[in-house]
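In what follows, chains carry the letters A, B, and so on, assigned in the order in which the sequence lines appear, proteins first and then strands, with residues in each chain numbered from 1. Excluded from the calculations below are hydrogen atoms, water molecules and symmetry mates; all remaining heavy atoms, backbone and side chain alike, are included.
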Amino acid sequence: MSKKTYATPLLDQLEKGPFPSFVTEIKRAAKRSDASNDLLGILERCYNDKKTHWKHGGIVGVRGYGGGVIGRYSDVPEEYPGCAHFHTVRVNQTSGFFYTSKALNDICDVWDKYGSGLTNLHGSTGDLVLLGTNTDALEPIFAELSSRGWDLGGSGSAMRTPSCCVGPARCEWSMIDTLDINHELTQAFQDELHRPAFPYKFKIKTAGCGVDCIASVARADLSLVGTWKGDIQIDQAEVANYAKAGMNIQAEIVDMCPTGCISYDGKAIKIDNANCSRCMHCIAKMTKALRPGKERGATILVGAKAPFVIGALMSHVIVPFMPLEPPYDNLKDLITKMWEWWDEHGKNRERIGELIVRRGMREFLEHMELDPIPQMVFEPRRDPFYFWTEDELK
Amino acid sequence: MSKKTYATPLLDQLEKGPFPSFVTEIKRAAKRSDASNDLLGILERCYNDKKTHWKHGGIVGVRGYGGGVIGRYSDVPEEYPGCAHFHTVRVNQTSGFFYTSKALNDICDVWDKYGSGLTNLHGSTGDLVLLGTNTDALEPIFAELSSRGWDLGGSGSAMRTPSCCVGPARCEWSMIDTLDINHELTQAFQDELHRPAFPYKFKIKTAGCGVDCIASVARADLSLVGTWKGDIQIDQAEVANYAKAGMNIQAEIVDMCPTGCISYDGKAIKIDNANCSRCMHCIAKMTKALRPGKERGATILVGAKAPFVIGALMSHVIVPFMPLEPPYDNLKDLITKMWEWWDEHGKNRERIGELIVRRGMREFLEHMELDPIPQMVFEPRRDPFYFWTEDELK
Amino acid sequence: MSDALPERQTDIGPPDYKQFLPPVVAKNYGKWKYHERISNAMMVHVGESGDKCYTVRAASPRLISTDFIRDLTKMADKHCGGFLRFTTRNNVEFLVDDENKAKALEKDLRDAGYMLGGIGDTISNVVHTQGWVHCHSAATDASGLVKVLMDEFADYFTGKKGLPARVRLAVACCTNMCGAVHCSDIAVVGIHRKPPRINDEEVKKACEVPSTIASCPTGAISPNPAAKSVKIKEDKCMYCGNCYSVCPALPISDPENDGVAVVVGGKIGSLRSNPKFSKLVIPFLKNNPPRWPEVTAAFRNILTVYEQGARKHERLGEWVDRIGWEKFFALTKIPFTHQHIDDFTIARETFRASVAFKW
Amino acid sequence: MSDALPERQTDIGPPDYKQFLPPVVAKNYGKWKYHERISNAMMVHVGESGDKCYTVRAASPRLISTDFIRDLTKMADKHCGGFLRFTTRNNVEFLVDDENKAKALEKDLRDAGYMLGGIGDTISNVVHTQGWVHCHSAATDASGLVKVLMDEFADYFTGKKGLPARVRLAVACCTNMCGAVHCSDIAVVGIHRKPPRINDEEVKKACEVPSTIASCPTGAISPNPAAKSVKIKEDKCMYCGNCYSVCPALPISDPENDGVAVVVGGKIGSLRSNPKFSKLVIPFLKNNPPRWPEVTAAFRNILTVYEQGARKHERLGEWVDRIGWEKFFALTKIPFTHQHIDDFTIARETFRASVAFKW
Ligand code: SRM
Ligand code: SRM
Ligand code: SRM
Ligand code: SRM
Ligand code: SF4
Ligand code: SF4
Ligand code: SF4
Ligand code: SF4
Ligand code: SF4
Ligand code: SF4
Ligand code: SF4
Ligand code: SF4
């Protein structure tokens, strides 16, 4: 195919300015790839028309899998034949997004050969996203990647690619092994990841602490967040150093503690641990002086999702503290149990959080064999409208 | 009728203890009234059976009125014939619940003649409630009362008897003339009060300030609450007196101000009035030192009600500030306009607050010709799901 | 009173309040400067004019005989020029313009056995409802509960015992909540625990099917055209009794299973924090008349923990919001059950979407 | 790469992360003691062992070519033993175990034109989505918006300008919100303003009617049995486009009326305050590619007011909660409209049921 050259006056304006330009990236790829070259053209057109020129994807994929590829077709295929098909391949990223040059170069080789040469590192769910190829290339790509040790991520009504924060790899606050948990869950649920069989998507995100650098509470059906029991460990010498270095401990720490459980007499910090909600503020701002308590585990929350259909939800607590040690069987059992209930009662395109809202926490908790506890709610109900079982009436 | 004597071992236990006893009151009335005597019997029976022995009331009332009487019949009329009928007459109380001996004695005379001799001073809505009479007595009671200057209160799907706090009569904080407003509204809407023509009940409560001693925000479809513009008036000498008298101004005032807009240097108080939310805390606790600002008016809120059918609602702001001076035409117009919309769209047994939730604030505000302002909400909406009119798209 | 009926009048509305204002009130109307609490039974309001208005407050059971009223008016005639008023919580207030008069009044009231108090940071009278005295809908009595609660907390009314802030009690005998239960510091509401029983014959005669269906908050009611009646999906019914309000042929009361629920933490004023709804803390206590000892014990427990934990001026709901509901349940040792977790219209907003909580 | 295809494998999952950990990370895994920020481009983590791990962070547009990746790997080969990682906001991190190495690395990166920063209280990279580059659902572009926003706020990324706290931006090209718009400090989301157009023939062929009906949050869709299609009650449609996600025969995009909405005040972590949803502040700005000047100006305005008003460590949503939304609108001079008042599932909770507010 001889390459068209597109005038891209609009896009060109996005090569200006200090931030690295995705347009430059498309142009770089376009040098080698017809698909990327035509993408330039079609994208300029979108900018011009102020509308998308992509159509709903049909179902495309690799043999034996029901997900991992997002089909995409343009609505002007004749004019931009290079990206008439422009499917996305979701490659399951590594835990914590750690790579070696070798590994990334391998992927680049495959992608330069079979795809547009364009990627997203990473997609919002966490996948290493290979952006733009055609249906015929899918099997070869998969063969090349999988033989090199890479597998696809999730799409459709399946478990989605789990992801996690950098955690113990490079963070002093991680109270669970986020990378290992993330890896183990991904491995344990390969079938659920590749072969959509759920009512809708199911996302898992693991954060080492309540700072939640992976946004689990906002963006995962299952949020695992590291936490502790026991007293915050205080190094008073370091407290003094912070003060010396100019920190206004009263204003920045004491007054900002949401539970008011810290006091500071100008010398030492005292924490009323029984009233600490483990919000992480003081620890995050005085990392040298304060460290979480010694008994470690995770809080398990369920149900976050985007606004459709009943308004956005954040994940809410269902297990306040769960020790998480390999092989994480307790966690895997919990997940399996959760899926059972959702599978049975969830409507098509109903996330688990929506199902809990629809059928009530009671049914969910009973299925999960979890006792109701106040930590599950911000506050008890207001109205006196509730159910009793025959058992409870006895 | 020769009087039965009832053994009331259960009720008798409610004559013990320091608080004045309603059982004693029933017994006092029973001395003169068969109805009250039989009430003793039926009430003991309720205590024994742990259930009510009253049935739904049929429609009873006085000629020309659709409300003001609550019909009530017992489900064991043969056994307690004196209270087989036991209707309640709601007498419209005075503004602020002020009375003279003469006025109350008049009512007692009528009630001793035609009723049980039992009353509620006052009902939860505010009426002077005459408790227990029979259908035949209703017209005479009404004639006796109305000729002495008393009228009935509301019931059914009507405007209900408005009520108000003691306000300017005996409170230094009242920023509107609660008694007069209450009286004027009651008089202006006599027809709406006596002849139910609304989708459901409509309650009005007027409080002189945000302390809300009449519970308007919790219990009225229309809540009028006095407030001010301008700076809080400070008498620093009295501030000093409070400090001298032992008040911990920092802890009790400064730290408890919800907007953090007060400072105190050990001598004088300073208020950042632009950030004051007029919550009334500081004024209420330092009444000699602090007084509301000088421009006075009311905040108008709409929609409170009990939990049926969609959960309890509190009234919410629709007009942040409205000057209220006799003859209160601005207020009367507002009310009439509100009723128009509710009348048109409200379902049977749908309170105005529920209707606003069902059809949205926009429609209500547009009908009211009120512009949307941030004071109407705690926070703006979360989701991006909203309507546009053709006009707005232009 | 003569036997011939006088001529009736309509739409005259209530008498003008102005004629009922005591002279000191009329004179200083709208011109009060400040007030001072003299005791929990007496306060003085001082006018810009320097005039003083002393108020003495007495408890009333609200359900009172004309005798009780006549006693009050006699007292008013003797001390107050025949003026008196009631409060929004059904206490009686006597107003005089001079300290000595106030003292004499107070003495007379005490001698006559009145319970004085309710002013300031007290447990004042209980906002309440009809109960078994008058209402068909009642799942419990109201006056009886008020009596036993006020007996229990008499010292908090009179001021013998102090409190961090006002504690407002309420009693409602059914979920219509004619009392102020939904926004009270501690309150009790009558509830049922079994679905209504359908009397098809009566439904046909007495009820409007569409409004009966519409009355159900959970959509448990559907038409039963064959019987010209309704059907109730029992597993969707949460026994609120609203259908019974609309249709007498759906009786729901059941002595075995009726009782009360305790809610706490509501408030009305906007001082410090926004008005708050009460929250459920005890889903059920059985009806144990005449003195409902389980209810008074529950209130006592909650009050004691509040008293110990709250700061000055901190209302019960504000205290709980500060320490967190998990601490409230821990401190009061009240068991937390499925009933506590909301499953109604705003349930999602109550789920703890945060990892910050206390053990 | 050879031409013959290697043997495919399935269900192997991702490679074990352990092989990708830089040696200093592997050695100190789970045993970090503290970290220090050296600049907004570099930080050091110190292990219990005393080992140090220096991180240098560079911006990436996320939509990158293999060339970009190969450049990164070359840099990693040169300085970091071939190890590198990405952050959850799509920045690139290079990790070394020695300060001098870190400095050399930083210099090389700067020389190669990388934009360094994003560490600490910065505006880091924007979480975003596909937009016109790849998605059929997009009401706006994503990468373009990210580019112009990050150009506008480059100084806040590099740390040339400071901030009271992190400000997290997000962009989503439709209300599916694949970005983190619903919990971000300042974010923008693509929206439509006209109902979908129904292509009956296509609906019949391509769509499942019941799931199309169920997809509508407002219940605006009903069956059209005659046409084996659906009907849309236009006055109930609020143009969310969810039906189009489910049924391609209901196109909704409309260049004249599509655009973006700005939301603010969300947060995710539980530090200080619970996670917060973003709230709508600007209901509509037109799509004005390629540089959306109205959007960058709106963000700039909000950021400036926040910067001036917030306390140290106070996130945007925390600042607004402290001063109140009425003040936010006054300070930013953003007009308040009907669109701001919630009318969706939790609307009632947002109505101001309190008399405490600011003028
Ligand atoms: C007498 C009184 C209770 C009392 O002991 O003080 C009362 C008594 C009744 N109320 Fe009430 N309500 C009374 C104040 C209230 C209040 C409080 C208030 O007005 O401040 C409320 C809560 C606020 C509100 O309006 O939402 C209240 C909310 C209800 C409801 C629920 C309404 C709703 O929209 O949810 C009902 C049910 C109904 O209307 O069918 C109701 C219905 C009733 C009925 C008429 C029972 C019925 O279903 O037919 C009760 C008659 C009892 C009787 O036999 O005397 N009553 N009712 C109060 C009126 C006295 C007066 O006129 O002064
Ligand atoms: C007499 C009465 C008004 C009336 O028209 O009858 C009244 C009168 C006063 N109230 Fe009240 N309030 C009265 C019901 C209320 C109510 C309504 C209710 O309880 O249902 C409330 C709202 C309660 C709530 O928020 O849940 C109420 C919350 C207050 C407060 C706020 C307390 C707080 O900090 O939250 C004050 C201010 C204070 O005391 O600092 C107050 C202060 C006052 C003052 C001091 C106002 C003044 O300067 O005159 C009055 C002296 C009373 C006292 O008891 O200390 N009054 N007060 C009501 C007496 C009821 C009773 O017999 O106990
Ligand atoms: C690298 C990264 C994790 C990863 O696995 O990739 C990370 C790493 C760290 N975060 Fe984070 N956070 C990262 C995304 C997040 C996110 C998620 C997001 O933005 O979508 C959040 C939640 C934001 C929210 O609440 O909306 C997040 C909120 C924080 C906070 C809390 C800030 C606050 O006070 O609200 C801290 C604590 C602090 O800095 O005091 C924090 C602190 C840290 C520390 C200091 C933790 C540590 O001791 O190592 C790390 C240094 C980073 C820095 O930038 O200063 N990190 N951090 C992510 C970098 C993204 C980027 O390129 O900018
Ligand atoms: C690629 C990605 C955006 C990106 O640029 O990074 C993406 C792209 C799409 N998302 Fe998403 N979502 C992506 C992360 C998310 C996230 C964020 C997350 O996972 O943390 C969300 C919000 C959280 C959530 O799950 O609720 C998200 C919420 C949605 C929704 C709404 C789901 C809901 O329950 O409300 C849809 C609609 C749907 O499923 O039909 C959706 C649908 C889509 C589809 C498949 C469009 C469609 O309707 O068929 C998009 C394909 C675009 C394309 O052509 O490539 N996408 N989507 C992200 C996945 C990359 C990856 O695998 O790493
Ligand atoms: S979530 Fe916690 S453990 Fe994970 S990177 Fe962030 S601060 Fe560290
Ligand atoms: S973790 Fe949070 S709640 Fe606990 S002491 Fe620190 S700042 Fe306070
Ligand atoms: S509401 Fe305000 S004005 Fe009315 S009595 Fe109470 S404190 Fe006084
Ligand atoms: S009225 Fe309330 S907000 Fe205003 S200064 Fe006083 S305490 Fe603060
Ligand atoms: S609360 Fe219920 S039972 Fe009690 S008076 Fe009101 S309607 Fe009757
Ligand atoms: S009692 Fe309540 S929930 Fe049960 S059927 Fe009647 S209205 Fe519905
Ligand atoms: S936000 Fe909407 S338009 Fe953007 S990628 Fe997700 S589904 Fe596509
Ligand atoms: S665009 Fe949204 S609101 Fe409109 S019909 Fe489709 S799903 Fe319903």
Drop me the distance from D:H134's NE2 to A:S74's OG, to the nearest 0.5 angstrom.
11.0 Å
Strictly under 6.0 Å, is that where the ring centroids of D:Y244 and A:H56 end up?
yes
Trace of the side chain to side chain donor-acceptor pair (under 3.5 Å) decision for A:E25 with D:S65:
CA-CA 5 Å; A:E25 292 305 309; D:S65 64; 2.7 Å; yes
Report the C-alpha distance between A:L179 and D:Y29 in whole Å, list the side-chain angles of each, state the deciding distance to 0.1 Å, and finish with yes or no for side-chain contact (heavy atoms from CB on, under 4.5 Å).
CA-CA 10 Å; A:L179 283 73; D:Y29 193 92; 3.3 Å; yes
What part of D:K286 gets within 4.5 angstrom of chain A, counting heavy atoms only: side chain, backbone, both, or neither?
neither
Say whether, by atom type as modelled, one donor and one acceptor occur between the side chain of A:N92 and the main chain of D:G13 under 3.5 angstrom.
no
Between A:E172 (side chain) and D:H35 (backbone), is there a donor-acceptor pair under 3.5 Å?
yes
State the CG-OG distance between D:L271 and A:S277, to the nearest 0.5 angstrom.
10.0 Å
Where does D:E93 contact chain A at under 4.5 Å (heavy atoms): side chain, backbone, both or neither?
side chain
4.5 Å side-chain heavy-atom contact, A:L14 and D:V148
yes
Applying a strict 4.5 Å limit to non-hydrogen atoms, the region of D:Q19 in contact with chain A is backbone
I'd like to know whether the aromatic ring centres of D:W292 and A:Y47 sit less than 6.0 Å apart in this structure.
yes
So, the part of D:C173 with a heavy atom under 4.5 Å from chain A: the answer is neither
Check this for me, if you would: do D:E48 and A:R291 make a salt bridge, where the nitrogen-to-carboxylate-oxygen distance has to be below 4.0 angstrom?
yes
Can you check whether D:P289's main-chain N or O pairs, donor with acceptor, with A:K50's side chain at less than 3.5 Å?
no
Answer yes or no: is there a donor N or O on one side and an acceptor on the other, between the side chain of D:W32 and the main chain of A:P168, under 3.5 Å?
yes
Min side-chain heavy-atom separation A:D112-D:R70 under 4.5 Å:
yes
Quick one: salt bridge (charged side-chain N to carboxylate O under 4.0 Å, His left out) partners of D:R166, sequence neighbours excluded?
D:D121
For D:S270 and A:M280, run side-chain contact (heavy atoms from CB on, under 4.5 Å): C-alpha distance rounded to whole Å, both residues' side-chain angles, the deciding distance at 0.1 Å, then the answer.
CA-CA 7 Å; D:S270 289; A:M280 284 295 297; over 6 Å; no
Against chain A, label D:V133 side chain, backbone, both or neither, depending on which of its atoms sit under 4.5 Å from a heavy atom there.
both
Would the number of heavy atoms belonging to other residues, nucleotides or ligands and lying under 6.0 Å from NZ of D:K312 be above 12?
no
Any non-hydrogen side-chain atom of A:H194 less than 4.5 Å from a side-chain atom of D:T10?
no
What residues, two or more places apart in sequence or in another chain, satisfy salt bridge (charged side-chain N to carboxylate O under 4.0 Å, His left out) together with A:D212?
none
Roughly how far, to the nearest 0.5 Å, is the OG1 atom of A:T287 from the OH atom of D:Y34?
9.5 Å
Under 4.5 Å heavy-atom distance to chain A, tell me which part of D:H182 shows up: side chain, backbone, both or neither.
side chain
